[in-house]
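The structure appears below as structure tokens.
Note that ligands are numbered from 1 as they come in the structure, with each ligand's atoms numbered from 1 the same way.
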Amino acid sequence: LEKKIAILEGRMPQKYPDVKFLGYKERKRILVTGGAGFVGSHLVDVLMMQGHEVIVVDNFFTGRKRNVEHWFGHRNFEMIHHDIVNPLYVEADEIYHLASPASPPHYMQNPVKTIKTNTLGTINMLGLARRVGARILIASTSEVYGDPMVHPQPESYWGHVNPIGPRACYDEGKRVAETLAYSYAKQEKVDVRVARIFNTYGPRMHVSDGRVVSNFIMQALQNLTITVYGNGKQTRSFCYVSDLVDGLLTLMASSYTLPVNLGNPVEHTIEEFAMIIKNLVPGCRSTVSTGAAVEDDPQRRRPDIAVAEANLHWKPKISLQVGLQRTIDYFREELSRTTFLNNQ
Ligand code: NAD
Ligand code: UDP
Ligand code: UDP
């Protein structure tokens with residue numbers, strides 16, 4: 001089995017040198033909703049490498065079979081094509097509930113579906129957790145803070161969200177998901193964990209998902225204009241995907257039950273970020289343009305990670321330079337793959 005894992009590992013863009021193969025008694029059956037997506041598929045890799053049984057549930061709205069296909073045929077792996085808005089009856093010891101579009105153009109494309117996924121879908125997963133007695137981790141977001149009036153954002157901040165704006169389907173959907181989690185915890189004694197995830201990037205992001213990292217890198221690799229929305233003075237703080245996965249695993253294993261920010265506190269303006277990416281792509285001739293601002297775009301975002309540091313002993317390890325370089329390498333490969341396929 002270890003030999004097989006080593007072979008599979010070789011095919012994956014991400015390496016996890018710290019992952020330990022667990023003993024038989026420590027292995028669990030783990031359900032990952034949204035496991036064919038960007039973050040979910042990296043989490044699945046680590047769980048599989050640890051030796052767990054993993055069930056991925058995904059409707060492929062924004063995810064891809066390709067992200068997990070290296071596990072197809074493995075006896076510990078199961079893939080269920082299912083929309084979690086509908087009930088699901090499986091058995092599990094733990095549930096990572098990640099199913100939801102995450103990129104603004106994706107979630108705005110079908111706002112009603114985004115709300116249904118985060119409300120009805122979350123009720124179904126909490127119902128499942130209740131029935132089988134599983135611990136469930138809900139993937140929430142920094143968007144619960146909206147366009148924040150407090151900076152950086154601690155978990156104690158209640159947020160500043162426009163309930164009827166274009167981002168509301170996602171922001172309010174996730175806020176309800178958190179409320180549902182704590183209602184099930186209080187009333188039904190469901191064992192919940194809530195991760196407030198800040199902007200995350202890395203290999204397996206969709207080339208056309210419209211998020212800033214994928215847009216800027218794809219533009220820089222093709223010498224196209226780098227499109228800054230608004231004046232570029234808005235800020236974000238970017239976390240590399242392996243750091244986030246590490247945080248999710250640590251939170252799931254911990255006894256801390258309140259929401260926890262998971263993100264990298266290194267903050268940049270979007271204008272700076274455009275230049276950082278341009279400079280990391282050798283020979284890039286892109287120019288940077290500014291354009292119309294996006295409605296309700298949060299102006300500042302940086303996680304206060306004191307809670308995670310104190311309670312999980314977690315903080316990000318991968319620098320922006322290293323993470324971006326790996327991500328640029330991935331996008332370069334994606335670009336040559338699509339160019340090759342288009343020429344066939
Ligand atoms: P992603 O779009 O790559 O993955 C989401 C996955 O969920 C996809 O595979 C998609 O097909 C699946 N999905 C969506 N609706 C579904 C449904 N109704 N039933 C079954 N599957 C469904 O996004 P991601 O970046 O991997 O995000 C994963 C989770 O983390 C999401 O819940 C997102 O809100 C949260 N999050 C991500 C970020 C980030 O920067 N990536 C930031 C904050 C929060
Ligand atoms: N549910 C599910 N899988 C399960 C158990 C429940 O999808 O294994 C769904 C079920 O359809 C219900 C929801 O989760 O609509 C909430 O479950 P809960 O037990 O809270 O509610 P009830 O069944 O009492 O309506
Ligand atoms: N953005 C940009 N150009 C792009 C895509 C995004 O300037 O091509 C900006 C966007 O307006 C926001 C920031 O980059 O201020 C992050 O956007 P993203 O969609 O990645 O995530 P968000 O944090 O807004 O959910």
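Counting atoms of ligand 2 from 1 in the listed order, those under 4.0 Å from a heavy atom of Leu128 are 3 (N), 4 (C), 5 (C), 6 (C), 8 (O).
Given atom 23 (O) of ligand 1, the protein heavy atom at minimum distance is Ala102 CB, 3.5 Å. Atom 11 (O) of ligand 1 has as its closest protein heavy atom Asp58 OD1, 2.6 Å.
Protein neighbours of ligand 3 below 4.0 Å, counting non-hydrogen atoms: Pro104, Glu143, Arg167, Asn199, Gly210, Arg211, Val212, Asn215, Phe216, Thr227, Val228, Tyr229, Gln234, Arg236, Ile270, Val294, Asp297, Arg301.
Put simply, no part of His106 is less than 4.0 Å from ligand 1, judged by heavy atoms. Using 4.0 Å as the threshold, Thr33 has no heavy atom nearer than that to any atom of ligand 1. Heavy-atom distances between Ser140 and ligand 1 reach below 4.0 Å in at least one pair. A heavy-atom separation below 4.0 Å is found between Ala36 and ligand 1.
Residue Lys174 holds the heavy atom nearest to atom 32 (O) of ligand 1 of all those in Lys174, Arg64, Arg211. Considering Asn124, Val56, Thr62 only, the shortest heavy-atom separation from atom 2 (O) of ligand 1 involves Thr62.
When non-hydrogen atoms are compared, ligand 2 lies under 4.0 Å from neither the backbone nor the side chain of Met125. At a 4.0 Å heavy-atom cut-off, ligand 2 touches Leu88 through the backbone alone. Residue-level proximity to ligand 1 for Tyr170 is carried by the side chain, the only part with a heavy atom below 4.0 angstrom. Contacts between Ser103 and ligand 1 below 4.0 angstrom, taking non-hydrogen atoms only, are absent altogether. Under 4.0 Å from ligand 1, the heavy atoms of Phe60 that appear belong solely to its backbone.
Under 4.0 Å is where a charged nitrogen must lie from a carboxylate oxygen, and between Lys28 and Asp93 no such pair does. Salt-bridge check for Lys233 with Glu271: passed, with a basic side-chain N closer than 4.0 Å to an acidic carboxylate O.
With hydrogens and angles disregarded, a donor-acceptor distance shorter than 3.5 Å links the side chain of Asn261 to the backbone of Gln153.
Aromatic ring centres of His206 and Phe38: separated by at least 6.0 Å. Under the 6.0 Å cut-off for aromatic ring centres, Phe198 and Phe238 do not qualify, their centroids lying 6.0 Å or more apart.
The one candidate from Thr62, Asn118, Thr117 that meets the side-chain hydrogen bond (donor to acceptor under 3.5 Å, both in side chains) condition with Ser100 is Asn118.
The stretch residues 284-325 participates, sequence neighbours left out, in no ring-ring contact (aromatic ring centres under 6.0 Å, His included) pair at all.
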